[in-house]
**Q** 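Just passing along the structure, written as structure tokens.
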There are 2 protein chains.
Amino acid sequence: MSEPLLNSVDERDPASAEAPRPAGSLHEGLLVALRDFIVEGNLADGVRVPERALCERFNISRTPLREALKVLAAEGLIELLPNRGARVRELSPEDVRELFDVMGGLEALAGRLACEQISEAEFAEIERVHHEMYRFYLRRDMHGYFRCNQEIHQLIVAAAGNAALAATYAGLAGRIRRVRYSANLAKDRDRWGEAMREHEAILDALRRRAGSELSDILFLHLRNKRKAAQASA
Amino acid sequence: MSEPLLNSVDERDPASAEAPRPAGSLHEGLLVALRDFIVEGNLADGVRVPERALCERFNISRTPLREALKVLAAEGLIELLPNRGARVRELSPEDVRELFDVMGGLEALAGRLACEQISEAEFAEIERVHHEMYRFYLRRDMHGYFRCNQEIHQLIVAAAGNAALAATYAGLAGRIRRVRYSANLAKDRDRWGEAMREHEAILDALRRRAGSELSDILFLHLRNKRKAAQASA
DNA sequence: CTTTAAAAAAATGAATGCAAAATGTTCGGC
DNA sequence: GCCGAACATTTTGCATTCATTTTTTTAAAG
């Protein structure tokens with residue numbers, strides 16, 4: 001077995017390896033490619049990742065690869081054991097709990113800031129997606145619901161107009177991306193309805209520009225999401 | 001001029017360069033040393049930083065240095081221009097505003113979480129430092145006041161019992177460390193008194209384990225702190 | 001047959017080398 | 001004297017190489 005690390009990527013297709021490297025410096029493109037590669041689950045959890053294999057996978061030498069690994073380690077996506085290489089960081093239930101709470105705190109902040117300066121157009125867009133999500137809810141279309149749900153939260157963060165917040169949020173979102181979708185609402189119809197009601201409250205508070213209130217609702221909404229995710233895990 | 005980059009560090013004393021590199025891998029120690037080096041303001045803002053100079057400064061080759069630079073760039077402390085080296089990232093007033101708000105959001109979260117699970121011992125410790133701070137306030141000892149103030153906020157974050165939160169908070173704190181102390185309360189006696197009252201409210205809400213309320217107070221407290229910092233700038 | 005110790009192989013951490021890009025300098029033209 | 005182009009120097013980006021540590025293989029002893 002020459003490629004024990006690669007699960008789903010077709011090695012015979014070089015496009016998938018070289019396409020996500022646009023221009024700029026090799027390092028930057030590689031960083032994005034490697035991050036996606038890891039987030040998409042191409043590396044098994046906790047398994048040691050030899051640098052050589054990744055070098056061959058991305059057709060680069062070890063120097064830029066190691067630079068990228070250091071950055072990803074700083075981001076918390078992988079961990080670097082001294083003299084023992086890198087491994088994808090496994091998220092314990094405790095880690096997930098913590099990350100969800102921090103995401104909740106950041107969304108609470110986003111809601112508060114959004115109330116201060118959201119434009120009518122931005123609010124209208126959120127409202128539109130909200131109603132679209134509601135239609136998915138009525139049709140019990142979980143996939144569509146999820147997409148809208150994600151988009152709403154993303155729009156709220158964007159409406160906060162704070163690049164530092166958006167960057168921090170994106171960093172955490174990347175770390176829990178793999179477990180995030182495990183909040184299987186289909187298994188828990190009550191929770192789904194509850195989530196929908198929470199979203200109604202979110203929209204309502206945002207409409208009234210009630211910052212503190214929206215902040216509370218968003219945090220608790222994430223907290224409930226976390227509980228649902230952990231219950232189904 | 002052989003060392004145009006170094007402002008205040010005495011080149012003849014090698015201890016300051018090599019002491020902060022404990023054991024472990026060279027990279028990790030270097031990362032800490034470099035971060036401190038930058039945060040302490042040894043590199044002028046916006047000035048281009050040749051790798052060679054830093055290599056000589058820390059007595060290492062370019063490879064680990066470049067790895068460290070990539071990490072620091074990911075942290076937002078410096079920025080890497082393609083083929084043009086690194087420069088210390090200048091924080092615009094807008095950047096500072098954003099970072100303060102995110103810190104406020106994280107402290108708000110910390111307060112909320114602390115209310116959920118702070119121990120009596122932890123609360124007692126915060127209360128103790130609070131009273132110590134109050135004594136500094138009465139004596140108009142700004143230095144002592146600041147130290148206690150920092151410690152209280154740090155204790156609240158610690159009491160949240162969330163490592164991910166603490167790490168995120170620490171990352172942001174490092175980025176604004178240089179401007180944080182510019183909130184010169186001595187110039188604004190009213191603001192100082194107001195801050196002290198806010199701290200009373202913080203302690204009170206924490207005592208009552210009033211999460212949402214404490215969350216609000218902490219965010220607004222940081223917001224006011226930011227305004228004071230920007231007014232004095 | 002299991003366990004352990006030594007040696008071989010491989011992987012990591014760091015230094016050096018090399019090509020490309022950027023910066024600085026000099027020389028020529030106006 | 002000022003501006004612009006060609007050249008030299010410096011610096012960056014990446015590959016390669018070297019040394020050390022770790023892992024695996026191998027073999028021998030119990």
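All figures in this text were calculated on a predicted structure; none of them were measured in a lab. Letters A, B, ... mirror the listed sequences (proteins, then strands); counts begin at 1. The figures that follow rest on heavy atoms only: side chains count, while hydrogens, waters and symmetry mates do not.
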**Q** Which whole-number value in Å describes the distance from Leu54(A) CG to dA11(C) C1'?
**A**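 Value for this atom pair: 13 Å.
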**Q** Rounded to whole angstroms, how far apart are CD1 on Ile78(A) and P on dT12(C)?
**A**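 About 11 Å, once rounded to whole Å.
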**Q** If you compare every side-chain N and O of Arg52(B) against the phosphate oxygens of dT10(D) (OP1, OP2), does one of them come in below 4.0 Å?
**A**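 Indeed not, no polar side-chain atom of Arg52(B) lies that close.
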**Q** Rounded to whole Å, how long is the line connecting atom CD of Glu56(B) with atom P of dA15(C)?
**A** 14 Å
**Q** Is there, by distance only and without an angle test, a donor paired with an acceptor across the side chain of Ser61(B) and the base of dA14(C) below 3.5 Å?
**A** no
**Q** Under 4.0 Å between a side-chain nitrogen and a carboxylate oxygen: does that hold for Glu132(A) and Arg128(A)?
**A**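 Judged by the 4.0 Å cut-off on N to carboxylate O distance, Glu132(A) and Arg128(A) do form a salt bridge.
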**Q** Nearest whole Å is fine: how far is dA14(C) P from Glu67(A) CD?
**A**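 Going from CD in Glu67(A) over to P in dA14(C) covers 13 Å.
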**Q** Look at the side chain of Arg84(B) and the base of dG13(D), then say whether one donor and one acceptor between them are separated by less than 3.5 Å.
**A** no
**Q** Name the orientation class of the two ring planes belonging to Phe37(A) and Phe58(A) (parallel below 30°, tilted from 30 to 60°, perpendicular beyond 60°).
**A**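 Ring orientation of Phe37(A) relative to Phe58(A): perpendicular.
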**Q** Could you state the CZ-P distance from Arg87(B) to dT12(D), rounded to the nearest angstrom?
**A**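 Interatomic distance, CZ of Arg87(B) to P of dT12(D): 12 Å.
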**Q** Specify the separation, in whole Å, of atom CG of Leu30(B) and atom P of dA14(C).
**A**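 Distance, rounded to whole Å: 9 Å.
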**Q** From the list dA15(C), dG13(C), dA21(C), which nucleotide is the closest neighbour of the side chain of Glu51(A)?
**A** dG13(C)
**Q** Using atom CD1 of Ile60(B) as one end and atom P of dT16(C) as the other, report the distance to the nearest whole Å.
**A** 12 Å
**Q** Could you state the atom-to-atom distance from CZ of Arg62(A) to P of dA15(D) in whole Å?
**A**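 Whole-Å distance recorded here is 12 Å.
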**Q** Taking the side chain of Asn83(B) as heavy atoms from C-beta outward, which of dA15(C), dA21(C), dT23(C) is closest to it?
**A** dA21(C)
**Q** From the options dT23(D), dG17(C), dA15(C), select the nucleotide whose nearest atom is closest to the side chain of Pro64(B).
**A** dA15(C)
**Q** Is it true that Lys70(A) and Glu67(A) make a salt bridge, defined as a side-chain N closer than 4.0 Å to a carboxylate O?
**A**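 The answer is no: the pair does not qualify as a salt bridge.
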**Q** Taking only the side-chain heavy atoms of Arg48(A) (C-beta and beyond), determine which of dT12(C), dG13(D), dA15(D) contains the nearest atom.
**A** dT12(C)
**Q** Between Gln117(B) and Ala114(B), is there a donor-acceptor pair closer than 3.5 Å when you use the side chain of the first and the backbone of the second?
**A** no
**Q** Quick one: do Arg35(B) and Glu75(B) make a salt bridge, cutoff under 4.0 Å?
**A**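 Here Arg35(B) pairs with Glu75(B) in a salt bridge, since their nearest N and O are under 4.0 Å apart.
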